[in-house]
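Down below is the structure, laid out as structure tokens.
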Number of protein chains: 2
Amino acid sequence: MSHACGHDHDHVHTLDSGRIDARLSEARRLCEAQGERMTAPRLRTLELILSENAPVKAYDVIDRFHPDGAAKPPTVYRALAFLEQMGLIHRIESLNAFVACQGHADGKAVQPHAAAFLLCDCCGSSEEVAVSLPEIDQQASASGFETRRVTLEARGLCKACR
Amino acid sequence: MSHACGHDHDHVHTLDSGRIDARLSEARRLCEAQGERMTAPRLRTLELILSENAPVKAYDVIDRFHPDGAAKPPTVYRALAFLEQMGLIHRIESLNAFVACQGHADGKAVQPHAAAFLLCDCCGSSEEVAVSLPEIDQQASASGFETRRVTLEARGLCKACR
DNA sequence: ACTGTTTATGTTATTACATAACAGATACCG
DNA sequence: CGGTATCTGTTATGTAATAACATAAACAGT
């Protein structure tokens, strides 16, 4: 996880394990509430993503999945697809990576939702922000375009790295 | 180039070759004006991207590069990076593809600029629209984040496909 | 409980996307 | 013309993602 600034920022675990457990339980409840199954590989995948405070590559999850040796890619990619559908994680397109959703920290159930991200090119950190998009909505309807999903990612330098 | 709707929309050449030539000459001029070289592989890459009215995959360019046989990936990826720096094409992150810039149709020289895209999941077409992003700019400065580059992509259905 | 159905996982293999590293060629500048 | 910077060619490899099919677990109806 080496970045443009030349630093390494590996394994910055800001969430303690208690906090992670709480979010895993919350995720469990959210799945039950929707009649979906929170299975072992899905839970493990979510755990690994929650344990980083920055977007995580699919193959990092694959490598760390088992204590001894990697998981098979489809196992993890299927889990990632599920978690994304449930609104528990987001895919960061410009990084080919995944980050835990920060949009329902208060425990509210949320529909899969669009979100914007501030992504630091130096330390790799990610901040999720909520924005409305009146201009592009307007441009879309002016073109007769029906928007299903919006990707909005700002790349740059976070406060700490500037 | 098969899409969600089940149709194939291969090789929809909406720009006639005269129009493409005009844009290639324009690109040449733009490079000269900035002291950059518009070399053969760069021109060929741009030509192939201009010949589609939808985002083109890097390996499609690679495959079509020579009349008989493919180019080597680095040749094309280098050309793509150059053309993007020059603001002649844009990378579409959510598609891993590249599309010609539609933002300077009047011949004005343009700095590399952010742009938003309406991307049809059915026919694969792309429309570039100009939007300002007051909300995310505001959120970024509130967080002390310095934005360098913004990706804004709306996926959905275009007018024709609805 | 049995059985059919649905949903999820395991496994092998392959496909798609992208870059590192170095050698050779071409443009540009004094 | 010779040195330097830039670009291209080539080989090899690294990284990201999915197809296809086999197996297993959950669940609903009888």
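First the proteins, then the strands, lettered A, B, ... as listed; each starts at 1.
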Using the C1' atoms of five pairs at each end, what's the angle between the two axes of the helix from C:dA1-D:dT30 to C:dG30-D:dC1, to 10 degrees?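 Angle reported: 30°, given to the nearest ten degrees.
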
Covered region of DNA chain D, 5' end to 3' end, by chain A [heavy atoms, under 4.0 Å]: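 So the contact region on DNA chain D extends D:dA16 to D:dA26.
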
For residues 68-80 of chain B, which residues have at least one heavy atom under 4.0 Å from DNA chain D?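 Residues of residues 68-80 of chain B that come under 4.0 Å of DNA chain D are, in numerical order, B:K72, B:P74, B:T75, B:R78.
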
Apply salt bridge (charged side-chain N to carboxylate O under 4.0 Å, His left out) to B:R148 and list each qualifying residue two or more places apart in sequence or on a separate chain.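 B:R148 satisfies salt bridge (charged side-chain N to carboxylate O under 4.0 Å, His left out) with B:E146 only.
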
Suppose we screen for salt bridge (charged side-chain N to carboxylate O under 4.0 Å, His left out). Which residues come up paired with A:E93, at least two apart in sequence or across chains?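 Once residues adjacent in sequence are excluded, the partners of A:E93 under the salt bridge (charged side-chain N to carboxylate O under 4.0 Å, His left out) criterion are A:R91.
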
Kindly state each residue pair satisfying side chain to side chain donor-acceptor pair (under 3.5 Å) with at least one member in residues 35-50 of chain A, sequence neighbours excluded.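 Output for this query lists A:R44-A:E47.
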
Where each residue is assigned the nucleotide of DNA chain D containing its nearest heavy atom, which of A:L95 and B:R37 is assigned the position nearer the 5′ end?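 Between the two, 5'-proximity favours B:R37.
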
Walk me through whether A:E52 and A:R64 qualify under salt bridge (charged side-chain N to carboxylate O under 4.0 Å, His left out). CA-CA 12 Å; A:E52 297 278 332; A:R64 298 172 193 163; 3.4 Å; yes

Run the side-chain hydrogen bond (donor to acceptor under 3.5 Å, both in side chains) test against [X] and tell me which residues pass, sequence neighbours left out.
{"X": "B:Q139", "answer": "none"}
{"X": "B:S141", "answer": "none"}
{"X": "A:T75", "answer": "none"}

Output yes when a side-chain donor or acceptor of B:R155 lies under 3.5 Å from a complementary backbone atom of B:L118, and no otherwise.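 Here the side-chain-to-backbone pair does not exist.
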
Return the OG to CD1 distance between A:S25 and A:I20, rounded to the nearest 0.5 Å.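 Those atoms lie 11.5 Å apart.
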
From B:I49 CD1 over to B:L83 CG, what is the distance, rounded to the nearest 0.5 angstrom?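 If we round to the nearest 0.5 Å, B:I49:CD1 and B:L83:CG are 6.0 Å apart.
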
Of all nucleotides in DNA chain C with an atom under 4.0 Å from a non-hydrogen atom of chain A, which is the first and which the last going 5' to 3'?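 That gives a stretch of C:dT7 to C:dT12.
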
Contacts of B:K159 that satisfy side chain to side chain contact (heavy atoms under 4.5 Å, CB included) - sequence neighbours left out: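 Scan of B:K159 (side chain to side chain contact (heavy atoms under 4.5 Å, CB included), adjacent residues dropped) gives none.
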
Residue pairs passing the ring-ring contact (aromatic ring centres under 6.0 Å, His included) test where at least one lies in residues 117-162 of chain A, sequence neighbours excluded: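 Sorted result for residues 117-162 of chain A: A:H90-A:F117.
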
